[in-house]
Structures are given as structure tokens and as C-alpha cells.
Amino acid sequence: ATVLSASFPGQALARATAHRPHAMVLGDLGAVGSGVEVIRAVRRSGGVRNEPASDLRILALVDEADELGVLRAFHAGADDVADRTVGYPVLRARLMVLLDRAGGRACQTSARVGPLEVSVATRQVWLRGEPVELSGKEFALLSMLISEPTRVFTRAELLREVWGFGAYARTRTLDSHASRLRAKLRVHGDQLVVNVWGVGYRLIDGNLEGPEA
């Protein structure tokens, strides 16, 4: 594996854009213009050619006693946080877990469920043969749901994997995006993106056909 290093945030972003790494390890989370800003910039990106990949796996390093630093990293969008004194074997193991999580969905280049078709490679969606325009986060949410369409993804899981939020994040952004996504997929009456109250969301509940089908 190739390892790249960067001495300041701008350089880290430039190398993440140019080399498209699979994972990033960041420290220096307390200073202005620090690793936190790098995480936020990555999560805001659309993953296009001149931006870093928005689903880049990020491991943040903080001081063991710095609880605020842990929260700051998760809220910015880090996938995991470790003590900055962590040894190499543990660091490597945690990175491998992050990459394994991403790998299962990354290998799926396209998926079809009933009238819905999603191309992960080209970031395109079709419903009953007609293209559907989605925002970056709407597409990321749909891609995760369609990877296991009948499985209920918990709110914490979706917030972590799609937005990079920590387990204790309090936000309505998931519900807002899910509502907009559901509306865009309902133009023909199809019942997709099911809210499982108190748990999370799944793509279908077994009924693929809408009232107009």
C-alpha cells in the first residue's frame, strides 16, 4: 500500500483530491484550519474529479482525555477516533475495519429493486425507466438503502455512514433527506424509503408496486 503524508490541511486536501486514497488519518484537531476543517471539507465534497471522495474513510487522532476533541471529530464527519498515542498494530486494525465496512458497498456498482435502478459507478438513478435527479447526500442515502433493501438501517448507522456524524448526534438532517428522497421516488405512486419508527429506515417493506402500477 502507498502511504502519503501532509504537513498542513491544504496539502492534505490537495493530496486527497489528486491521489484519491482509500483512508485518511488526521491529527491536530484543535487548531483553526486544522484536521476538523479537512474532515468537513471532505464530507461537503461531491466526490467529483476536482474534489476529494466524499466517502473517504477518516480516522481522527486525539488526546485520550480530550472528550471535546472526540466530539468535534465525530460531528465533523470522522468515521472513527483513536488516542494519538495508539500503537501501529491497533491503528492498522482500526483502519482495516473502516476499509472493510466500505468495501462491501463499494464493490456493488449497480442495483435494481422493482422499478428502481441505481448505478453507483455513474451516480445515476432511474425509476420506471425515467431518470431521477438526486442531491449528493440523497444519492448516498439511497445507495446505502438499496445495498440491502429489506434491512432496517438504524438512524445512528445512517448518520455515521452517510453524514459521518457520531452515535450521539442530534439532528433532523436524516429525516429531511429521507423525506425528499421518498417524494422524488413517489412520482408514480411507488412506496419506497420506509420509515421504521424509533429505529431507522429501509428501502422497501415487501410492497414494490405503488397504487398506479
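Residues meeting the side chain to side chain contact (heavy atoms under 4.5 Å, CB included) test with R202, sequence neighbours left out: V152, V194, V196, D205. D83 meets the side chain to side chain donor-acceptor pair (under 3.5 Å) test with T85; sequence neighbours excluded. With sequence neighbours left out, the side chain to side chain donor-acceptor pair (under 3.5 Å) criterion links S5 to no other residue. Residues satisfying the side chain to side chain donor-acceptor pair (under 3.5 Å) criterion with R186, sequence neighbours excluded, are absent altogether. The salt bridge (charged side-chain N to carboxylate O under 4.0 Å, His left out) test applied to R180 returns E138, not counting sequence neighbours. In this structure, the salt bridge (charged side-chain N to carboxylate O under 4.0 Å, His left out) partners of R94, at least two apart in sequence or on a different chain, are D80. Residues satisfying the salt bridge (charged side-chain N to carboxylate O under 4.0 Å, His left out) test with R112, not counting sequence neighbours, are E117. For R151, the side chain to side chain contact (heavy atoms under 4.5 Å, CB included) test picks out E148, F153, E157, with sequence neighbours left out. For R182, there are no side chain to side chain donor-acceptor pair (under 3.5 Å) partners two or more places apart in sequence or in a different chain. Residues satisfying the side chain to side chain contact (heavy atoms under 4.5 Å, CB included) criterion with A14, sequence neighbours excluded, are absent altogether. Every residue two or more places apart in sequence or in another chain that forms a side chain to side chain contact (heavy atoms under 4.5 Å, CB included) with A23 is listed here: R57, L95, L99.
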Residue pair Y201, D175: steps toward the side chain to side chain contact (heavy atoms under 4.5 Å, CB included) verdict:
CA-CA 9 Å; Y201 289 88; D175 299 307; 2.7 Å; yes
Please report the C-alpha distance between H75 and V36 in whole Å, then the side-chain angles of each, then the deciding distance to 0.1 Å, and finally whether the side chain to side chain contact (heavy atoms under 4.5 Å, CB included) criterion is met.
CA-CA 9 Å; H75 288 166; V36 166; over 6 Å; no
Between L13 and V42, is the side chain to side chain contact (heavy atoms under 4.5 Å, CB included) condition met? List the steps.
CA-CA 8 Å; L13 279 174; V42 169; 4.0 Å; yes
Between V132 and V187, does the side chain to side chain contact (heavy atoms under 4.5 Å, CB included) criterion hold? Intermediate values first, please.
CA-CA 10 Å; V132 180; V187 292; over 6 Å; no
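In terms of modelled atom types and a separation under 3.5 Å, the side chain of H19 and the main chain of R15 share no donor-acceptor contact. Judged purely by atom type and a 3.5 angstrom limit, S147 uses its side chain to pair as donor or acceptor with the backbone of M144.
Here the shortest heavy-atom pairing between F139 and S119 reads CZ-O, 3.5 Å. When all heavy atoms are compared, the tightest approach of P115 to D190 is CG-OD1, 3.5 Å. Looking at every heavy atom in both residues, N195 comes nearest to G200 through OD1-O, 3.4 Å. For L56 against P21, the heavy-atom pair with the smallest separation is CD1-O, 3.0 Å. Minimum heavy-atom separation, A178 to V193: O-CG1, 4.0 Å. Taking all atoms of both residues into account, the shortest heavy-atom contact from V118 to S143 is CG1-OG, 4.3 Å.
Counting side-chain heavy-atom gaps under 4.5 Å among Ile, Leu, Val, Met, Phe, Trp and Tyr, Y88 is found in no cluster with other residues.
Atoms NZ and CG, from K184 and L142 in turn, are 11.0 Å apart once rounded to the nearest 0.5 Å. Atom CG of L116 and atom NE2 of H188 lie 11.0 Å apart (nearest 0.5 Å). Taken from CZ in R172 to NE2 in H177, the straight-line distance is 13.5 Å, to the nearest 0.5 Å.
Counting heavy atoms of neighbouring residues, nucleotides and ligands inside a 6.0 Å radius, atom CZ of R92 does not exceed 12 of them.
The shortest side-chain heavy-atom distance between L91 and L59 falls under the 4.5 Å cut-off.
I58 pairs in a side chain to side chain contact (heavy atoms under 4.5 Å, CB included) with only one of the listed residues (V81, V38, D79, V25), which is D79. The only member of L68, V70, L71 that meets side chain to side chain contact (heavy atoms under 4.5 Å, CB included) when paired with V62 is V70. A side chain to side chain contact (heavy atoms under 4.5 Å, CB included) with L141 holds for exactly one of L203, L134, L174; it is L174.
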